[in-house]
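Taking it in order: structure first as C-alpha cells, then the write-up.
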Amino acid sequence: MNSGMIGSKWPEKWYEEDVCQVARHLLGAVLVHVTENTVYAGRIVETEAYGGTYHGWPDDAAHSYHGRTARTEPMFQSGGCSYVYQIYGMYYCMNVVTGRAGSGEAVLIRAVEPLSGLDDMFRNRNMDNRTRSPYHLTNGPGKLCQAMEITKSQNQLDLCGDELYIAEPVMRQPLQIACSARIHVDYAEKGKTFPWRYYIENSKSVSRP
DNA sequence: TATCCGATTAGCT
DNA sequence: GCTAATCGGATAG
C-alpha cells in the first residue's frame with residue numbers, strides 16, 4: 001500500500017460535529033478497511049448527509065426518521081460509529097454516524113477513489129483488472145462496499161478502532177466541493193429537495209457528475 | 001403471517 | 001431511459 005497517502009486516524013471529536021459539516025469534511029479523507037488478507041483504502045469523493053434538520057424540517061429521507069429500531073440502532077449511537085445496512089436484498093451501504101448519542105444522524109459514503117487493495121477490489125467486483133477502469137470500481141455506495149468487503153459484519157463498529165476507520169490524508173489539497181439533492185430519495189416529501197449530497201467536482205470516481 | 005418496497009446496480013433498448 | 005434481480009425490515013391485519 002502507498003502508506004504515504006494515509007495519515008492519522010480521525011479523532012472521535014471530529015465525528016461529533018453537525019452532520020452536513022462532517023459530510024463535507026469527509027471529502028478527501030480516506031476510508032480504510034483492514035481484513036485478514038487485505039488493506040482496502042479509498043479516498044472519499046462523494047457523501048450524503050442524513051437525519052439533520054433543514055430550515056426547521058426534519059429529514060424524512062433518513063432511516064432514523066421513523067424511529068429507533070433494531071436496524072437503525074447504530075444511527076442513534078454517538079458519532080464515530082459505522083452503520084451498514086443491506087439494500088435491495090443484494091447490496092450494502094456504509095454510513096458514518098455523527099453527532100451526539102440519540103441524534104440519529106449519519107453520512108452515507110457514496111463513492112471513493114480506490115487507493116489500495118485494487119487487485120482484490122477487481123476480484124470482489126468480478127471485473128477484469130486488465131480491461132476495466134478503476135473509475136468504475138467504487139463509484140457508487142453498493143459498489144464500494146462490494147469492492148472493499150464491507151458487509152453487515154462491519155455494522156456498528158467503532159471507527160476509532162483498527163478494523164474500519166477514517167484517516168486524514170497526509171496532505172490536504174484545496175477541494176472544489178459541489179452539492180446537489182440526494183440520489184433516490186423521491187419518497188421523502190420534504191427531504192427530496194435538501195441539498196445534502198456533496199462531492200468533489202471533476203472527480204472521475206463520483207457516481208454521477 | 002402477509003405484503004410492500006427500498007439511501008442500487010447492470011444490462012439492454 | 002427502463003427494468004429485473006432479490007430479501008430483510010417495516011407495517012398492517
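Distance alone, capped at 3.5 Å, is enough to place a donor-acceptor pair between the A/Lys9 side chain and the A/Gly161 backbone.
Scored by the side chain to side chain contact (heavy atoms under 4.5 Å, CB included) test, A/Thr193 finds no partners at all (sequence neighbours excluded). For A/Gln156, the side chain to side chain contact (heavy atoms under 4.5 Å, CB included) partners two or more places apart in sequence, or in a different chain, are A/Glu73, A/Pro74, A/Gln77, A/Cys81. Residues forming a side chain to side chain contact (heavy atoms under 4.5 Å, CB included) with A/Ser78 (at least two apart in sequence, or on another chain): A/Ala101.
If you take atom C1' in B/dA10 and the same atom in C/dG8, they sit 22 Å apart, rounded to whole Å. B/dA2 and C/dT6 have their P atoms separated by 22 Å, with the value rounded to a whole Å.
Using a 30° and 60° split on the angle between ring planes, A/Trp196 and A/Tyr54 fall in the perpendicular class, above 60°.
Contact annotation: A/Thr69 side-chain N/O to C/dG9 OP1/OP2 distance is not under 4.0 Å. Contact between the side-chain N/O atoms of A/Lys152 and the OP1/OP2 oxygens of C/dC7 is not found at any separation under 4.0 Å.
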At under 4.0 Å between heavy atoms, which parts of nucleotides 2-13 of chain B does protein reach? Answer with one letter per nucleotide, 5' to 3': B base, S sugar-phosphate only, - none. ----BBBSS---
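If you check every strand for non-hydrogen atoms under 4.0 Å, A/Lys192 touches nothing.
Under a cut-off of 6.0 angstrom, the local environment of CD in A/Glu201 is crowded, with over 12 non-hydrogen atoms contributed by other residues, nucleotides or ligands.
Using a 4.0 Å cut-off between charged nitrogen and carboxylate oxygen, A/Arg182 and A/Asp59 count as a salt-bridge pair.
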Check residues 36-52 of chain A and write down every donor-acceptor pair under 3.5 Å in which the side-chain atom is one partner and the other belongs to a residue at least two apart or another chain.
unit_1: A/Thr38; atom_1: OG1; unit_2: A/Asp120; atom_2: OD2; d: 3.1
unit_1: A/Tyr40; atom_1: OH; unit_2: A/Asn124; atom_2: ND2; d: 2.9
unit_1: A/Tyr40; atom_1: OH; unit_2: A/Glu149; atom_2: OE2; d: 2.6
unit_1: A/Arg43; atom_1: NH1; unit_2: A/Glu113; atom_2: OE1; d: 3.2
unit_1: A/Glu46; atom_1: OE1; unit_2: A/Ser207; atom_2: N; d: 2.7
unit_1: A/Glu46; atom_1: OE1; unit_2: A/Ser207; atom_2: OG; d: 3.1
unit_1: A/Glu46; atom_1: OE2; unit_2: A/Arg110; atom_2: NE; d: 2.8
unit_1: A/Glu46; atom_1: OE2; unit_2: A/Arg197; atom_2: NE; d: 2.8
unit_1: A/Glu46; atom_1: OE2; unit_2: A/Arg197; atom_2: NH2; d: 3.2
unit_1: A/Glu46; atom_1: OE2; unit_2: A/Ser207; atom_2: OG; d: 2.8
unit_1: A/Thr47; atom_1: OG1; unit_2: A/Ala23; atom_2: O; d: 2.9
unit_1: A/Glu48; atom_1: OE1; unit_2: A/Tyr50; atom_2: OH; d: 2.7
unit_1: A/Glu48; atom_1: OE2; unit_2: A/Ile183; atom_2: N; d: 2.8

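With pairs defined as Watson-Crick or G-U wobble and both atom distances under 3.5 Å, the stems of at least three pairs that touch DNA chain C come out as B:1-6 with C:7-12, B:8-12 with C:1-5.
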